[in-house]
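Each chain gets a letter, A, B and so on, in the order its sequence line appears, and its residues count up from 1.
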Protein chains: 2
Amino acid sequence: MPAGRYHHGDLRTALLDAAEELIRAKGADGWSLREASARVGVSPSAAYHHFDSRDALMAALYDRLLVRLAERLAAAVARVPDGPARLVAYGRGYLRWALEEPALAALPAGGKRTTVVSRHPHDVLVAELDRLVAGGHLPARARPGAEFVVWPAVHGLARLVTDGHMRFDNDAEVDLHTERLTLAVLNGLIHEPPGTWAAARSPHTERLER
Amino acid sequence: MPAGRYHHGDLRTALLDAAEELIRAKGADGWSLREASARVGVSPSAAYHHFDSRDALMAALYDRLLVRLAERLAAAVARVPDGPARLVAYGRGYLRWALEEPALAALPAGGKRTTVVSRHPHDVLVAELDRLVAGGHLPARARPGAEFVVWPAVHGLARLVTDGHMRFDNDAEVDLHTERLTLAVLNGLIHEPPGTWAAARSPHTERLER
DNA sequence: ACAGAAATCTGAACACTGTTAAGATGGGGC
DNA sequence: GCCCCATCTTAACAGTGTTCAGATTTCTGT
């Protein structure tokens, strides 16, 4: 790891760190493999022993971010007592993260998932919805596929904000609006006419298939 | 416009067309200014007499797409009688478009808006929500800022699909799920406790300021 | 301890990119 | 008919992702 060494030690994560920092500073397109390599003190071609391509590096970085976000959301939710407030905390955590790191939150999907992510924000949401049902805050008949109603809403708000399509005056306004959105969706699920979507099949996700 | 001419005629829109087709074929990052210029039969630097940069071209293309989507949504909605079904038609139109042209739907925000877009999908949604209130399908007290609840939901579902995070088996499943999402949000707004969000200030949009 | 194999990194090269500057070309207004 | 200006070209620059042959280090088995 010191300057003199020929083998870096853990070049893979060092490159991920460098890329992450560059993206944070200059946006998702503002970094280059060469610049990241130079920052780590390594030749441009060294990266190809750890990643198939530049895009593969981004995909790996994306996976790392997902895990980090999932842990953050799980922690944020855990601080709140049972009830709809927990779902609000989920949404708020999601948006806070998007606001703090807009460049990272707007990272491209990365296409093919290389390794299965250990913990996904989606998992946290699923667990939270199950908890709402168990606590009697959400009717069991509305539960199937409910994550595919809440997830788009929260994710959509986050993307609209990071992409600059929606702007808030301050963080308090963001929280307030996130709460409104989350509770509206939850309320909508609660008041869903019985049996309406029983026949609907849920979409697929990286987390669901195999 | 024929091969022999020195002046192209309408190089600006020709470049936009070429870029659009390349993006449609090879993704948002799969096109280059040079390739688009070559396809139009013009030197690489000619584009700089019509656009400040590659990003500026993308921003202009993005604006053009927004207008096209807005017209499409307005037409889709116009075919449906008054009531919640119109909002469902809006969402369905949004998602159909995203499914048909995923590469274009996932275009980056483009940053600074250069010219004010003549007609924005957001405008169509606003008009639709006003119509719901006028027809008695949405309480007036839930109206303020309601577009910032519906928009994220629909937009979020579209992006999750175009980014490959959510996959459906066929178009019918997409429609069904879009309907569930849209109606859930609308129902949530209808059952909103009175006066809850009266103090909340709405976020800003390109359409709202000035 | 020593050989050989495997992993890791370098250096040079290729094709390609966005962007700029200086000059050629041709159409529109007086 | 003339000049001006928008338009386009040619040439070049710096920087990019990627590949390949070879140098260097660590690992493995005996």
Rounded to whole angstroms, how far apart are [atom1] on [X] and [atom2] on [N]?
X: B:Asp52; N: C:dT20; atom1: CG; atom2: C1'; result: 13 Å
X: A:Asp29; N: C:dT19; atom1: CG; atom2: P; result: 12 Å
X: B:Phe51; N: C:dG18; atom1: CZ; atom2: P; result: 14 Å
X: B:His49; N: C:dA22; atom1: NE2; atom2: C1'; result: 11 Å
X: A:Leu15; N: C:dT8; atom1: CG; atom2: C1'; result: 12 Å

Among side-chain atoms of A:Thr178 and A:Asp175, is any donor-acceptor pair under 3.5 angstrom?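 No - no donor-acceptor pair under 3.5 Å links their side chains.
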Under 30°, 30 to 60°, or over 60°: which ring-plane class applies to A:Phe168 and A:His177, parallel, tilted or perpendicular?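 A:Phe168 vs A:His177 ring planes: tilted.
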Indicate the ring-plane relationship of A:His155 and A:Tyr94, choosing parallel, tilted or perpendicular according to the 30° and 60° boundaries.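 The arrangement is perpendicular - the two ring planes meet at more than 60°.
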Main chain of A:Leu160, side chain of A:Asp163: is a donor-acceptor contact present, judged purely on distance under 3.5 Å?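 Between the backbone of A:Leu160 and the side chain of A:Asp163 there is no qualifying donor-acceptor contact (under 3.5 Å).
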Report, one pair per line, the protein and nucleotides 10-17 of chain D atoms (nitrogen or oxygen only) whose separation is under 3.5 Å.
unit_1: D:dT10; atom_1: O4; unit_2: B:Ser45; atom_2: OG; d: 2.7
unit_1: D:dT16; atom_1: OP1; unit_2: A:Ser32; atom_2: OG; d: 2.9
unit_1: D:dG17; atom_1: OP1; unit_2: A:Leu33; atom_2: N; d: 2.7
unit_1: D:dG17; atom_1: OP1; unit_2: A:Arg54; atom_2: NH1; d: 3.4
unit_1: D:dG17; atom_1: OP2; unit_2: A:Leu33; atom_2: N; d: 3.2
unit_1: D:dG17; atom_1: OP2; unit_2: A:Arg34; atom_2: N; d: 3.1
unit_1: D:dG17; atom_1: N7; unit_2: A:Arg34; atom_2: NH1; d: 2.4
unit_1: D:dG17; atom_1: O6; unit_2: A:Arg34; atom_2: NH1; d: 2.9

OP1 or OP2 of C:dC9 sitting under 4.0 Å from any side-chain N/O of A:His50?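 A:His50 to C:dC9 OP1/OP2: side-chain N or O found under 4.0 Å.
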Salt-bridge present (A:Lys26, A:Glu21; N to O < 4.0 Å):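 Result for this pair is no, no salt bridge flagged.
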Would you please indicate yes or no on a ring centroid separation below 6.0 angstrom for B:His165 and A:Phe148?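 When the ring centroids of A:Phe148 and B:His165 are compared, they turn out to be at least 6.0 Å apart.
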